[in-house]
Each structure stands twice: as C-alpha cells, then as structure tokens.
There are 2 protein chains.
Amino acid sequence: MSLPHAILIALLEKPSSGLELTRRFDKSIGYFWSATHQQIYRELGKLEAEGFIRTLPSQQPARGQKKSYEVLPAGRAELARWTAASQDPRPHRDPLLLRMRAAAVVGTEGIEADLRRHLALHQRQLAEYEEIEERDFPPDKDSSQDRLRHLVLRAGLDLETFWIQWLTRALDEFAELPGHETA
Amino acid sequence: MSLPHAILIALLEKPSSGLELTRRFDKSIGYFWSATHQQIYRELGKLEAEGFIRTLPSQQPARGQKKSYEVLPAGRAELARWTAASQDPRPHRDPLLLRMRAAAVVGTEGIEADLRRHLALHQRQLAEYEEIEERDFPPDKDSSQDRLRHLVLRAGLDLETFWIQWLTRALDEFAELPGHETA
DNA sequence: CGACTCATGTAAGCTGTTACATGATTTA
DNA sequence: TAAATCATGTAACAGCTTACATGAGTCG
C-alpha cells in the first residue's frame with residue numbers, strides 16, 4: 001500500500017503528468033521507491049476515482065494528450081494519516097545473498113563476474129547520489145524540510161556504501177578460496 | 001524467480017518437510033529470504049512436478065501426514081545454473097524512507113514513535129544475528145563453505161547496523177527540529 | 001507520408017499476502 | 001473425548017513485471 005502514497009508525495013512536491021512522474025521515479029524518487037509507467041497510470045486512475053487527486057483545470061482529457069495531476073486536500077490528509085500510522089518493517093529478500101548461500105553448496109563457478117558487475121553498478125549509483133547531494137544539499141544550508149530529505153538521501157548513500165564494502169570483501173574472500181584462479 | 005531456488009538451497013543443506021522449511025525460513029534463512037508456509041507448499045508442489053525434488057522414499061503421502069523432500073540431480077543442476085546466471089540488482093522499495101520523505105511535506109506528527117519502535121526491532125534482530133555468529137562461526141575455524149555462509153550473515157549484521165545508525169541519526173535530527181517537544 | 005518520439009493506456013502472468021479449511025497426533 | 005497442536009493445503013486478492021496497443025505531434 002505504498003505506491004499511491006509515493007505518488008501523492010511526488011505530486012505534492014510538484015504537480016506532474018504520468019510520464020513526468022515516471023521520469024522522476026526513475027531518477028530522484030528511485031532511491032527510496034521505484035515504479036514503472038504502467039503502475040503509475042493505473043494508480044493515477046485509482047487516486048482520481050477516490051478523490052485524492054484531480055487533473056489540472058484547463059486540460060482536455062484525451063488519449064495521447066498530456067494530463068497533469070495535482071493533489072486535493074483529501075489526498076494530503078490521506079498521506080498524513082498513512083505517514084503517521086505504525087507499520088512493521090518488511091522482510092528482506094535479496095537474490096544476491098541467496099546466490100552466495102547457494103554458492104556455498106553448488107560451487108562458486110560463474111558468480112564472481114556478476115559480483116564485479118554489481119560492484120560497478122553500485123559504485124556508479126553512489127557517484128550519482130553524491131552528485132545529487134552536492135547539488136541539492138550544500139553544507140549548512142538545510143531547512144527543516146531539506147534536513148529530512150537529506151536524511152533520506154543519506155540512507156541511499158549509506159546503503160550503496162554498504163554494498164560496495166560487502167562486495168569488495170566478498171571478492172577478497174573469493175581470491176583466498178582454494179582452487180581460485182586469478183585470471 | 002528466487003523462491004524455488006531458496007527452497008532448493010534449504011533442502012540441499014537438509015531434507016525437510018514443508019513445516020520444517022517454514023521454521024527454517026523464519027529463523028536462519030530469514031536474513032536473506034523470507035517466505036510463508038503457503039508460498040512454500042505451493043512451490044514444493046511445483047518443484048516436484050518439474051522433477052527437481054521428490055518426497056523421501058518410505059513415506060505415504062496423505063493430507064495431514066508429514067512429507068519430507070530431497071533434491072534430485074536435476075534440481076541441483078538448476079540451482080547451479082541459476083546461481084551462475086547474471087542477474088540485475090532489484091530496485092529497492094522502502095516504506096520507511098518513503099514516510100520520512102512524506103514527513104518533509106505533511107509534517108512529522110506521529111512518525112517519531114514508530115521510528116523508535118523500528119529502532120528497537122532492528123536492535124533485537126542484530127542481537128539475534130550476533131548470537132548466530134557466535135554459535136555457528138567461531139573465530140578462525142571457517143571452512144570454505146562456512147566462509148561463504150559467514151559472509152552472508154555478515155551482510156545481515158551490517159544491514160541491521162546500518163538501520164540502527166540511520167534511525168538513531170533520524171531521531172537526533174527530530175530532536176533538533178523547530179517545534180519539537182521532548183516529551 | 002513514413003518514421004520517430006511523446007504520452008497514455010490494456011492485458012496477462014507471476015509473486016507474495018491474508019484468510020480460511022481439513023486431517024492427524026498429542027495431551028489434559 | 002475435547003482441546004490444542006502439528007501438518008498440509010485452498011482460495012481470493014493485491015502488487016509488480018513484461019509485452020503489447022494506440023493516438024498525437026514532429027521531422028525529414
């Protein structure tokens with residue numbers, strides 16, 4: 001039950017059309033929630049039907065025509081309710097950790113290359129977040145709102161850093177495994 | 001496409017019945033993959049139909065009767081194939097980070113108590129992992145298999161540590177926010 | 001007008017969650 | 001023998017992914 005609320009947040013920060021939302025989810029919003037355009041259009045329809053958002057006035061709705069949405073008071077209220085409500089942490093599911101555990105049973109053949117690939121991807125992602133941090137959160141200038149947003153970005157930064165460290169350590173361990181070829 | 005492989009790993013490590021698997025997923029397997037008993041039974045049926053596992057001989061299949069499974073060679077081969085195959089990292093989705101971002105827009109009213117609750121949960125989880133580490137991975141005794149399993153556990157430990165640090169920092173920030181009551 | 005891009009959607013399938021059902025075994 | 005627990009399931013639904021469809025505008 002989080003996607004509709006992610007969309008409400010995005011629309012409160014800036015009214016947008018479906019495609020614009022998709023692009024924002026691919027970029028900045030992506031470090032705490034991801035969604036495809038199909039999910040977004042479906043959810044925009046539901047949110048409108050529930051009276052949480054509406055299309056901006058002075059826009060004729062037609063297929064293939066851009067349609068921008070804004071949040072209505074009921075939508076803001078729903079978001080506030082959801083934000084304050086207690087929620088249990090969800091269980092984690094990480095295929096890479098699973099594969100590492102599998103490697104302990106069926107052998108490490110083939111997995112090392114993919115670890116290196118993941119390491120590179122996380123390094124690139126970290127660099128991107130660092131750019132965002134430099135651009136959007138210059139030192140000692142955070143407002144209250146910015147401080148919270150900065151905190152969220154920092155979670156993204158720290159998680160990428162964790163993965164880089166863990167993958168580096170994993171590759172080190174591999175190098176020390178018996179039968180390892182340093183190709 | 002990871003649940004069937006998680007089950008294959010668990011069954012290779014030790015042949016088990018559905019309920020035993022469920023318990024193992026709740027405990028040690030849970031720090032890299034979680035599953036409910038409904039998912040597990042459904043998946044065991046599929047894996048058997050595909051010829052990847054079979055019920056242990058000398059067991060009459062009947063409703064309400066315990067039924068243990070073991071992995072067949074085809075299942076082990078499938079697991080090796082999957083482990084070596086390249087996979088993209090999945091997008092993250094974290095409702096707590098989402099709520100923090102929402103708090104920047106609709107206010108922090110009510111969220112602080114839940115942050116404290118999450119902090120306590122992560123601290124308990126970390127303590128559990130530390131117990132497992134002490135029990136299963138005594139210093140300087142790791143075999144090759146153990147080193148990989150230890151590595152996976154360490155990811156769990158480090159992720160819990162990350163969350164504890166992040167939540168602590170978040171609560172500190174809250175304390176400094178204007179209008180904050182130190183109740 | 002043909003190809004391309006922008007923009008919005010539909011449909012099918014898979015995974016995971018929640019609630020419920022049912023038989024077998026133990027124990028009070 | 002009634003209740004609790006062990007053990008295996010069924011059913012309905014919600015959420016996400018993948019592939020495809022369609023119209024509108026733009027550029028050569």
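So that the names make sense, note that chain A is the first sequence line, chain B the second, and so on, each numbered from 1. What you see below is based on every heavy atom in this structure, not just the backbone, and it leaves out hydrogens, waters and symmetry mates.
Judged as a salt bridge (charged side-chain N to carboxylate O under 4.0 Å, His left out), and not counting sequence neighbours, the contacts of B/Glu70 are B/Arg54. B/Lys27 is linked by a side chain to side chain contact (heavy atoms under 4.5 Å, CB included) to nothing, counting only residues two or more places apart in sequence or in another chain. Residues forming a salt bridge (charged side-chain N to carboxylate O under 4.0 Å, His left out) with B/Asp136 (at least two apart in sequence, or on another chain): none. Applying the side chain to side chain contact (heavy atoms under 4.5 Å, CB included) test to B/Asp146 and every residue at least two apart in sequence or in another chain returns B/Phe137, B/Asp142, B/Ser143, B/Arg149.
For residues 97-127 of chain A, the set of pairs meeting the ring-ring contact (aromatic ring centres under 6.0 Å, His included) definition, not counting sequence neighbours, comprises A/His122-A/Trp163.
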Please tabulate, for the side chains in residues 41-51 of chain B, all donor-acceptor contacts under 3.5 angstrom to protein atoms that are two or more places apart in sequence or on a different chain.
residue	atom	partner	partner atom	Å
B/Tyr41	OH	B/Leu19	N	3.4

For residues 87-94 of chain A, run the donor-acceptor check on the side chains, cut-off 3.5 Å, and write out each pair with its distance to 0.1 Å, sequence neighbours left out.
residue	atom	partner	partner atom	Å
A/Asp88	OD1	B/Arg117	NH1	2.9
A/Asp88	OD1	B/Arg117	NH2	3.3
A/Arg93	NE	B/Ser34	O	3.0
A/Arg93	NH2	B/Ser34	O	3.2
A/Arg93	NH2	B/Ser34	OG	3.1
A/Asp94	OD1	A/Leu96	N	2.9
A/Asp94	OD1	A/Leu97	N	3.4

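The side chain of B/Lys67 places an N or O atom within less than 4.0 Å of a non-bridging phosphate oxygen (OP1 or OP2) of D/dG9.
Closest approach of A/Trp33 to B/Pro95, counting heavy atoms only: CZ3-N, 3.6 Å.
Here the P atom of nucleotide C/dA7 and the CG atom of A/Leu44 are 14 Å apart, to the nearest Å. Distance OH (A/Tyr41) to P (D/dA21): 18 Å, rounded to an integer number of Å. Between B/His5 atom NE2 and C/dC14 atom C1' there is a gap of 14 Å when expressed in whole angstrom units.
Residues from residues 14-31 of chain B placing a heavy atom under 4.0 Å of any atom in DNA chain D, listed by number, are B/Ser17, B/Gly18, B/Leu19, B/Arg23.
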Its contact letters, B for base, S for sugar-phosphate only and - for none at protein heavy atoms under 4.0 Å, make nucleotides 14-19 of chain D read -SBBBB

